[in-house]
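The structure appears below as structure tokens.
Every number for a ligand or one of its atoms is a count from 1 in the order of the listing. Position 1 is the first residue of the sequence, and the numbers go up from there.
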Amino acid sequence: MASSPPRIPHHVAIVMDGNGRWATRRFLPRVAGHKQGVESLRRCVKACANRGVGVLTVFAFSSENWNRPVEEVSGLMELMVGALAREVPRLNRDGVRLHFVGERAGLSPKIVAALVGAEETTAHNTRLVLNICFNYGGRWDIAQAAAKLAEQGEPLTEANLDRAMALAHVPDPDLFIRTGGEQRLSNFLLWQSAYAELFFSDKLWPEFDEAALDEAIAAFQSRERRFGQTSAQVTSATA
Ligand code: IPE
Ligand code: IPE
Ligand code: MG
């Protein structure tokens, strides 16, 4: 009997960490690392689309990243506006639909306009959903979902919270990757990653290439996802 082809994770989530160290090792300003990080993201989006990944969710700026030096924060904001102006036409041609996930209050009107414009331009695309988490925190998401339900007078059930969450338009992540060597979540997708397979790479984000992505996907394919069941139950269900 022919064996089924190894499954590709439908939803991949990535903490793109290590840009600052990449730059510092080259005696460059940290913002140069973030610029290189944009290149790495472009490559990763293409590689994911080619492999049949349906949803890619990346962490670009956390609720806590406001605590960085002001020059770095403003550099990141400018980079986002510039990168969108450059990249959206190409992403659009490639069938990528962009969503920005995170708190919009606190962002400048210029940034918000760039995010909204990118979402509108790509709204009809269906090849790959790219969620960019920007001014995002997992705790913010849970709290805003609960606040929304409370305002509507809805009970705080799991199903209702799920629907009120900022990533309600996509299923939960299957594979959660963090680059840069740290093994922590840093407030990313706390609710949605309940059953994600975790993969930590020592590669800094600007160095995370197609081979590194394939390594993460291969690790995912070697895992047995049990969702609380026993191994015997899972094996008999897929036999
Ligand atoms: C991740 O890279 C990008 C952002 C947080 C915006 P870092 O900037 O955290 O890079 P390191 O961890 O300092 O190397
Ligand atoms: C997480 O990386 C946030 C992003 C990648 C956007 P950080 O570099 O901010 O995480 P910590 O502070 O080391 O936990
Ligand atoms: Mg970091």
**OP:** Output, in order, the C-alpha distance, side-chain angles, deciding distance and verdict of side-chain hydrogen bond (donor to acceptor under 3.5 Å, both in side chains) for Glu64 and Asn187.
**Re:** CA-CA 9 Å; Glu64 291 74 27; Asn187 200 13; 3.0 Å; yes
**OP:** Quick one: do Phe100 and Tyr136 satisfy ring pair (Phe, Tyr, Trp, His ring centres under 6.0 Å)? Show the steps, please.
**Re:** CA-CA 9 Å; Phe100 284 88; Tyr136 170 88; over 10 Å; no
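Interatomic distance, CE of Met77 versus CZ of Phe134, reported as 4.0 Å (0.5 Å rounding).
Salt-bridge formation is detected for the pair Glu72/Arg68: a Lys NZ or Arg NE/NH1/NH2 atom is positioned less than 4.0 Å from an Asp or Glu carboxylate oxygen.
Annotation: ligand 2 has protein neighbours Val15, Met16, Asp17, Phe59, Ala60, Phe61, Asn65, Arg68, Arg178, Arg184, Ser186, each with a heavy atom less than 4.0 angstrom from the ligand.
Panel detail: the Mg ion (ligand 3) has protein N, O or S atoms under 2.8 Å away, 1 in number.
Residues in residues 105-123 take part in these side chain to side chain donor-acceptor pair (under 3.5 Å) pairs, two or more places apart or across chains: Arg104-Glu119.
For the residue pair Asp162/Trp191, the side-chain donor-acceptor check at 3.5 Å is satisfied. A side-chain donor from one of Ser186 and Arg178 sits under 3.5 Å from a side-chain acceptor of the other.
Distance alone, capped at 3.5 Å, places no donor-acceptor pair between the Asp214 side chain and the Ala211 backbone.
For Thr230, the side-chain contact (heavy atoms from CB on, under 4.5 Å) partners at least two apart in sequence or on another chain are Ala232, Gln233.
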